[in-house]
Number of protein chains: 2
Amino acid sequence: MARQPVPASQLSDRAQLLLKALVQRYIEDGQPVGSRTLAKNTGMDLSPATIRNVMSDLEELGFLRAPHTSAGRVPTVRGYRFFVDTLMQVRPLENAAVQSMERELRGAHSTHGLVQSASTLLSGLSHMAGIVMIPRRDSVTLRQIEFLPLSERRVLAIIVVNEREVQNRILHVSRDYTRTELTEAANYLNRLFAGHDLQQVRAQLLAELQAAELEANDLLQRVAEMAEQALSPEARELPDDFVLAGQTNLMGFSELADVQRLRGLFEAFTHKRDLLGLFDQCLRADGVQIYIGDESGYEVLDECSVIAAPYGCPGQTLGVLGIIGPTRMAYERVVPLVDVTAKLLSAALNSQA
Amino acid sequence: MARQPVPASQLSDRAQLLLKALVQRYIEDGQPVGSRTLAKNTGMDLSPATIRNVMSDLEELGFLRAPHTSAGRVPTVRGYRFFVDTLMQVRPLENAAVQSMERELRGAHSTHGLVQSASTLLSGLSHMAGIVMIPRRDSVTLRQIEFLPLSERRVLAIIVVNEREVQNRILHVSRDYTRTELTEAANYLNRLFAGHDLQQVRAQLLAELQAAELEANDLLQRVAEMAEQALSPEARELPDDFVLAGQTNLMGFSELADVQRLRGLFEAFTHKRDLLGLFDQCLRADGVQIYIGDESGYEVLDECSVIAAPYGCPGQTLGVLGIIGPTRMAYERVVPLVDVTAKLLSAALNSQA
DNA sequence: GTTTGGCACTCTACGGCCCTGAGTGCCAAT
DNA sequence: ATTGGCACTCAGGGCCGTAGAGTGCCAAAC
């Protein structure tokens, strides 16, 4: 999306103030705002006629548009954009709210529970849809690995990573191994590689195998065959995924009340691909990202805004979380909410590890 | 739900034939059906006036109703009920379709993949929402159990059941055990109980513990402490759950087009509780169950019908699958679809085990 | 030259009105 | 018992007029 910044210089102070008042007003009650209303509403002592002139300018510049000749004006995407970039002042959440969020997150035990809670918090507090990408840790530390024989040349690999998470994988091997053989192999891996990064382990192992190729080291062969499968990157990572909460909240907004539009949106929720693409962009960003209306580049989100923020440990982004709602949303409240949630989730994940 | 059967004797053959024609016609194009249409449509050589009389009778008996004075008639829940119970003749699926379904299911490897495929099949072929409860096996055969030490008095239990499924569980124990101690405990359990039902194992173990209480058998103590947690029924079973596909299909039906109604429905999908209650009833039933409109007893389903069937091995029901759609659906096509899917899924699960 | 009041204009939303088409209910004739 | 005829009812669509809200423009005022 070409999102060229709007030079504030184009707009007089007065125009900016009026734009701000209009956007706030429109966000509040969803009706197009007319000059009369605005004249009363803002502190400024101006007649409706004057305001009409200013509004006319703002429309010409693309910040406002009129649904029809004799309605008031509503903000365009550009108008919202200028509002969130320059005009709005976010009000930080009250302490009490933050604390109750913290409590909620503390209640979760597993990583998945944490993600679930965060998502519920986002949707509950915003009355829109909350979304949290499953954290994907780039560096996965091997803590322990075990192999158990199953029947028919299948081996069950159990991999404990990051102190808490357990992954199972069924390997198909070239012959049946005995229990002792498997234990040996596991011991070998645990002895040498416990505490190392999973990808490193794999690379190092392959290197070693190359070196020892000539010597027919049976143990190493065995280890290699299984580790190859057990640690392969495709298998390693859970499929990209996210947890969604409060989708149905979106059915309450009149601007999304069209069943066709909703259908598109919900299909995007179930197919996930598009949304993941969008959220991926935020992985490489810093702080709260805002996509207003068609800025996201996905047609189903044309009438929606997405507020997202990455979370993770200081050095490393683990995922992205955010909110989806109609373009007309209370940005001033939602932005800090997303911000705080990201920080709290980060903290919770770190203390957990 | 009080669903008293309707004695066919109440209705003359002619009335039944007309009712059948009307329901079929209405299912086809969704418009209230008038006497004129029906006169032309059915083979019978009757004038519209005569048909009007019959329709009037049918309305009085509660099988039909008129949306307003001068519209045609539409079936009531009772009308649909009589139709599915007595009038309709299901047409079995074509062989080609069944085969392609089989192929689709064969493509799935894990149990979960199978469930997912079944659900997708149901929704894809019916153009409505497909739903499959996660199979819950009452008798879970222990194949192998292993314990691995984690830090801080936590032990990871790995339980392989039913030849294929692996369950992990983190146990909190009274002291740190050494690796050898844990292996001993696991060996003990595997030696004595591999191949037994999980619940039996637990009961037997408790009995043995009682018997040996006086002898301070350290090994047995150890085993008991862990098995108690690892095999506890609450922990054992995955939470009741189901997989849903094609929810968004429901957004295409004009009779459900009201956003409020849809919202209720989708909330039921995410909270799951109500739907699980309904499907639980089918667990104890045999063959295809049909709930029309408010027969389900859940208000959100008032405008919907649910076609469900249990699946599982011959002796044992593992779960329920089905379809959710508007009351006005092609029962003649959907009933065999659900029936066949249940049979295919059962077969697939059995061949897998 | 910015601001303002005044005025004509435009557009939507809403209610009433009429007409048409579809279908019914009833009655008298077959 | 069945039928044709006829009066009646009702939803939906088009049309009109009105009320309300808001605009754009212009000429006067500050």
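We name chains A, B, ... by the order of the sequence lines, and we start the count at 1 in each one.
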Exercise. Residues from residues 23-36 of chain B sitting under 4.0 Å of DNA chain D, heavy atoms only?
Worked result: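 By residue number: none to list.
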
Exercise. Where along nucleotides 10-20 of chain D does protein come under 4.0 Å, by heavy atom, of base (B) or sugar-phosphate alone (S), with - for untouched nucleotides?
Worked result: BS---------

Problem set entry | Annotated protein contacts, base or backbone, on nucleotides 2-8 of chain D with a non-hydrogen cut-off under 4.0 Å, one of B, S, - each | SBBB---

Exercise. Any chance the rings of B:Phe82 and B:Phe63 have centres within less than 6.0 Å?
Worked result: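 Yes - the distance between ring centres of B:Phe82 and B:Phe63 falls below the 6.0 Å cut-off.
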
Problem set entry | Audit row: A:Thr42, A:Leu22, side chain to side chain contact (heavy atoms under 4.5 Å, CB included) steps and yes/no | CA-CA 9 Å; A:Thr42 65; A:Leu22 188 145; over 6 Å; no

Problem set entry | Ion pair B:Glu59/B:Arg65, N-O distance below 4.0 Å |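 Here B:Glu59 does not pair with B:Arg65 in a salt bridge, since their nearest N and O are not under 4.0 Å apart.
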
For this session: Decide yes or no for B:Leu321 and B:Ser119: does some side-chain heavy atom of the first lie under 4.5 Å from some side-chain heavy atom of the second?
Result: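 B:Leu321 vs B:Ser119: side chains apart.
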
For this session: Could you pull out all residues at least two apart from A:Glu267 that satisfy salt bridge (charged side-chain N to carboxylate O under 4.0 Å, His left out)?
Result: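 Residues passing salt bridge (charged side-chain N to carboxylate O under 4.0 Å, His left out) with A:Glu267: A:Arg263.
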
Problem set entry | Residues that A:Asp13 engages under salt bridge (charged side-chain N to carboxylate O under 4.0 Å, His left out), provided they are two or more places apart |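 Salt bridge (charged side-chain N to carboxylate O under 4.0 Å, His left out) list for A:Asp13, sorted by chain: empty.
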
For this session: Show your working on side chain to side chain contact (heavy atoms under 4.5 Å, CB included) between A:Phe269 and A:Leu250 and close with a plain yes or no.
Result: CA-CA 12 Å; A:Phe269 288 156; A:Leu250 299 183; 3.8 Å; yes

Rounded interatomic separation in angstrom, taking [atom1] from [X] and [atom2] from [N]:
X	N	atom1	atom2	value
A:Met55	D:dT23	CE	C1'	9 Å
B:Leu22	C:dG23	CG	P	12 Å
B:Glu59	C:dG23	CD	C1'	12 Å
A:Lys40	D:dG22	NZ	C1'	13 Å

For this session: To the nearest 0.5 Å, tell me how far B:Arg81 CZ sits from B:Tyr291 OH.
Result: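 If we round to the nearest 0.5 Å, B:Arg81:CZ and B:Tyr291:OH are 9.5 Å apart.
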
Exercise. If you check every side-chain atom of A:Arg73, which of C:dG25, D:dG22, D:dG24 has the closest atom?
Worked result: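 Of all the options, the side chain of A:Arg73 is nearest to D:dG24.
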
For this session: Please name all residues satisfying side chain to side chain contact (heavy atoms under 4.5 Å, CB included) with B:Val77, sequence neighbours left out, ordered by chain then number.
Result: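 Only B:Ile292, B:Asp294, B:Glu295 meet the side chain to side chain contact (heavy atoms under 4.5 Å, CB included) criterion with B:Val77.
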
Exercise. Do A:Ser305 side-chain atoms and A:Pro326 backbone N/O form a donor-acceptor pair below 3.5 Å?
Worked result: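 Checking the backbone N and O of A:Pro326 against the side chain of A:Ser305, no donor-acceptor pair under 3.5 Å is found.
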
